[in-house]
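Data block below; observations after.
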Amino acid sequence: MNKAELISAMAAESGLSKVDSKKALDAFVASVSKAMKAGDKVSLVGFGTFSVAERAARTGINPSTKQTIKIPAKKVVKFKAGTELTAE
């Protein structure tokens, strides 16, 4: 499902117009992104939890040249699915 299909599905489920559904989805994504940048955790009970994790610096290998390279530390977003979120 891509973004346009998700917006259509949200409009059908909620009774909102596609324009309002797009605004709601964009607001949700912006709010979660802002919270992640601030280092906060976003928990949606039953759906899942978005959190920020620190990935340590490490040494890797360039597959084409076989040279070792240093991969810097960075922050990554993680998502842990809730109990009600299942693919049946």
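These figures come from a predicted structure and were not determined experimentally. Position 1 is the first residue of the sequence, and the numbers go up from there. Computed over heavy atoms, backbone and side chain alike; hydrogens, waters and symmetry mates excluded.
- Taken together through direct or relayed side-chain contacts under 4.5 Å among Ile, Leu, Val, Met, Phe, Trp and Tyr, M1 and L25 form part of one hydrophobic cluster.
- Not counting sequence neighbours, K18 has no partner by the salt bridge (Lys or Arg N to Asp or Glu O under 4.0 Å) test.
- For CD1 of I69, the number of neighbouring non-hydrogen atoms (other residues, nucleotides, ligands) closer than 6.0 Å is greater than 12.
- Atom CD of Q67 is separated from atom CD1 of I61 by 11.0 Å, given to the nearest 0.5 angstrom.
- L16 is not connected to F28 by any chain of hydrophobic side-chain contacts under 4.5 Å among Ile, Leu, Val, Met, Phe, Trp and Tyr, and they are in different clusters.
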**OP:** Evaluate side-chain contact (heavy atoms from CB on, under 4.5 Å) for K34 paired with V42, printing each intermediate quantity in order.
**Re:** CA-CA 10 Å; K34 186 176 178 182; V42 177; over 6 Å; no
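- Legend: residues meeting ring pair (Phe, Tyr, Trp, His ring centres under 6.0 Å) with F79, ordered by chain and number and at least two apart, are F47, F50.
- The salt bridge (Lys or Arg N to Asp or Glu O under 4.0 Å) search around D40 returns none, not counting sequence neighbours.
- Hydrophobic clustering keeps V32 apart from V45 (ILVMFWY residues linked when any side-chain heavy atoms are closer than 4.5 Å, directly or through intermediates).
- For the pair E5 (side chain) and N2 (backbone), a donor-acceptor distance under 3.5 Å is present.
- We find the CE-CG distance between M10 and D20 to be 10.0 Å, quoted to the nearest 0.5 Å.
- Here S43 contributes atom OG and K80 contributes atom NZ; the two are 10.5 Å apart, rounded to the nearest 0.5 Å.
- Taking every heavy atom of both residues into account, K41 and M36 meet most closely at CA-CE, 4.3 Å.
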